[in-house]
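Since the structure comes first, as C-alpha cells, the remarks are kept for the end.
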2 protein chains.
Amino acid sequence: MISVFIVDDHPVVIEGIHSLLQNEKDITWMGQAMNAQSCLGFFVNNTADVVLMDISMPGMDGVELCAVMKEKYPGIMILGLSTFNQGLYIKKMVEHGASGYILKNSSKEELIKAIHAVHKGYMYFSGEVGMALQEYQRTEKELPVLTAREKEILELIAQGYTNPQIAEKIFLSSFTVDSHRKNLLAKLGVKNTASLIRLAVEKKMI
Amino acid sequence: MISVFIVDDHPVVIEGIHSLLQNEKDITWMGQAMNAQSCLGFFVNNTADVVLMDISMPGMDGVELCAVMKEKYPGIMILGLSTFNQGLYIKKMVEHGASGYILKNSSKEELIKAIHAVHKGYMYFSGEVGMALQEYQRTEKELPVLTAREKEILELIAQGYTNPQIAEKIFLSSFTVDSHRKNLLAKLGVKNTASLIRLAVEKKMI
DNA sequence: GGCGGAATCACTGTTTCGGGTGATAACGAG
DNA sequence: CTCGTTATCACCCGAAACAGTGATTCCGCC
C-alpha cells in the first residue's frame, strides 16, 4: 500500500489525479495542498510515501519545496509534475532530491507506474526527457571507485601535465600512464580530457 | 583612527611592535594575545580594525586562527607576521582570508604602511615574496574578461565536444573554433584543455 | 577617420590524445 | 589454487589538440 499526497495550485489537476487513483487498490489518497505552506503544515502531523509536486507554484515553487521536504523528511519520495518538458527545472528538482518527474497529461498507466517506481526507490522520467536524465543520474550517483594510482594520475592530468610528463614525474612508462588515463575515461564514462576534468572537479575528486 | 590587536607567542615581538606603534596618532593599541584561545576570548567582548597575527604559534596556528576569525568577524583585517619567508604558510593564510603579510624585522615605516593598506582593503606583502603573491592574487581575483563567444565555446569544450563538433553546432569553421580555443588558453594562462577546464570549473565560469 | 579588439577563416606542422588489442606480474579473496 | 583486479608495459593508427603565422571584416571609441 502506497500513500500519496499531492501539491498543486490547480484544482483541476488535483481532481483529475485523484479520480485516476481512487480505484487503485494499493494506493491510498492522503490528501492535497494547493501551496507550499499548506503542504508543510500537513506533514507536521501526517506523512506519505510519495508526494506528487507541481514544479511551478505561487510563492515557494516546487524546487524549493522539494529541497525543504527532502531536508525534513528524506524518506518521502517526490515526483515532479509539470505540463510540459521544462528541462532546467526538472534537473533542479532532481538535484534537490526529487526522484523523478511526469507530465500532467500522462496516462493513468504511466502515472501509476511512476508512483510505484519512485516508491521502490527508482527514478522515473516521463517522455523524451527520460533518457537524458537517466544518464544524468548515472553519473550523479554511481561514481566508480578509483584506485590510488588512478587518482594520482587524474590529479596530475588536472594540473596540466601530459602523459610523457606524468610518466617522467612518477617514474613510469608513458604507455602505462596512457593506460591509466584510458581507464579513467572508461570508468567515469566520459569521452575526453575536457569532460573528465569537469566531472572530477565538480564531484570534488581532485 | 585604526585600532590594532596583536597575536604572537613571543613577548619580545609584542613589545617591539607596541613600542613602534605607540607614538602613531592614528593607531590605537587594543591589546594583545599570546595564543589563539586568548585572542578569540578577547574578540567576544571587543573588536579591532586590524589584527597582526603570528603564523606559527603553539596550539592553533595562525592559518587556523585566521580562518576562524574571518568566519566570525569578516570585517576584521588580518596581517600575517613571520620571521622569515615561508611562502606556503603565507599562501595558506591568504587563502583563509588574511589581507597580507609582513616580516617581523620590517621597518617602522613598512609596518605602518602595511597596517594602513590592509585597513583600506588592499593587500600588502613584505619583501621579495611580495611579487610572487601579488601574482597569485592576480590570477586569483582578476580573472580576464572573456567575450561572449569565448564563454560559449568554453562551455561546449567543457561538455566534451571537439573543435569540429563545436564548429558544426554553432555554424563556424573549425579553424575559428580553434582560434577561440587558443585565445582561451592564452587569456587564462593555461597550457592545455585539462587545466583550462579545471580553472573554468573552479572559478565557476561554466 | 584611424585604431584596437572581436570574430571570422586559413594553412602547416608537431605533439598529444584516444581506441583497440594484448601481454605479464603481483596480490588478495574465495 | 584459481580468479579477478591492479599495475605495469607495448604497439598501431587516426583524430584531436597545440603552436605559429597571417589575413579580413566589423564595430565602437577617441
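Letters go in sequence order (proteins before strands), and every chain restarts at 1. Side chains included, hydrogens not; waters and symmetry mates left out as well; all remaining heavy atoms used.
Remark: the backbone N or O of F175(A) is paired with a side-chain donor or acceptor of S179(A) at under 3.5 angstrom. With hydrogens and angles disregarded, no donor-acceptor distance shorter than 3.5 Å links the side chain of D54(B) to the backbone of M57(B).
In this entry the distance linking CG of N192(A) with C1' of dA15(D) reads 12 Å, nearest Å. Taking atom CG on L184(A) and atom C1' on dT6(D), their separation rounds to 13 Å, with Å as the unit. Rounding to whole angstrom units, CG of residue L146(A) and P of dT6(D) are separated by 10 Å. Atom pair F175(B):CZ and dG22(D):C1' shows a separation of 13 Å (rounding to whole Å applied). Computed from coordinates, the E150(A) CD to dT6(D) C1' distance equals 8 Å when rounded to whole Å. Atoms CD1 (I153(A)) and C1' (dC17(C)) sit 15 Å apart, rounded to a whole Å. The NE2-P distance, from H180(A) to dC17(C), rounds to 15 Å in whole Å. When the C1' atom of dT16(C) is taken as reference, atom CG of L156(A) falls 16 Å away, rounded to whole Å.
For L185(B), counting side-chain heavy atoms from C-beta on, the closest listed nucleotide (dT6(D), dC9(C), dC18(D)) is dC18(D). Side-chain proximity of T193(B) to dC11(D), dA17(D), dA7(C): nearest is dA17(D). Nearest to the side chain of R181(A), among dC11(C), dA6(C), dG18(C), sits dG18(C).
Here the shortest heavy-atom pairing between I197(A) and A158(A) reads CD1-CA, 3.7 Å.
At the heavy-atom level, T176(A) lies under 4.0 Å from base atoms of the strands shown. Contacts of N183(B) with the nucleic acid, taken as non-hydrogen atoms under 4.0 Å apart, are absent. If you check every strand for non-hydrogen atoms under 4.0 Å, S179(A) touches a base.
Atom CD of E202(A) has more than 12 heavy atoms from other residues, nucleotides or ligands within 6.0 Å.
Remark on DNA chain C: of its neighbouring residues K191(A) and D178(B), the 5'-side contact belongs to D178(B), judged by nearest-heavy-atom nucleotide.
Side-chain N/O atoms of K182(B) and base N/O atoms of dG20(D) include a donor-acceptor pair closer than 3.5 Å.
Side-chain atoms of D49(B) and S3(B) form a donor-acceptor pair, as typed in the model, at a separation below 3.5 Å. In summary, the side chains of N192(B) and S195(B) do present a donor paired with an acceptor at a separation below 3.5 Å, with no hydrogens or angles considered.
Shown for residues 159-173 of chain B: residues whose heavy atoms fall under 4.0 angstrom of DNA chain C, namely L172(B), S173(B).
For F42(A), the ring-ring contact (aromatic ring centres under 6.0 Å, His included) partners two or more places apart in sequence, or in a different chain, are F5(A).
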